[in-house]
Amino acid sequence: MKVTVTFGDTAVVVPCKAGWTVRELIEQATRRYRRIIEQQHGDVPVNIHHLEYVDGGILDIDDLLGDLVEDREK
């Protein structure tokens, strides 16, 4: 499954493994986003407050991704 996570105007695609929680998605998406930002602006702190669907609705970090999102969801 692949999920797109958007940080402002920047979107990163994260391939997710079976059994991942929302917390693991956040960790991987943040790692990929930092890599992009560091190339452009150097070391910039990134703080994640929550993860939500494009339509709204905040995801709980301990929930399993497979129970919440479909392949290629944003």
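Below, each value reflects all heavy atoms present in this structure, side chains not excepted, and no hydrogens, waters or symmetry copies.
Among residue pairs with one or both ends in residues 28-46, none qualify as salt bridge (charged side-chain N to carboxylate O under 4.0 Å, His left out); sequence neighbours excluded. Counting only residues at least two apart or in different chains, side chain to side chain donor-acceptor pair (under 3.5 Å) contacts with residues 54-66 comprise Arg23-Asp62.
Atom CD of Glu70 is surrounded by 12 or fewer heavy atoms from other residues, nucleotides or ligands within 6.0 Å.
Within the hydrophobic cluster formed by Ile, Leu, Val, Met, Phe, Trp and Tyr side chains joined at under 4.5 Å, directly or through other members, Tyr53 is accompanied by Met1, Val3, Val5, Phe7, Val12, Val14, Trp20, Val22, Leu25, Ile26, Tyr33, Ile36, Ile37, Val44, Val46, Ile48, Leu51, Leu59, Ile61, Leu65, Leu68, Val69.
Interatomic distance, OG1 of Thr21 versus CG of Asp67, reported as 11.5 Å (0.5 Å rounding).
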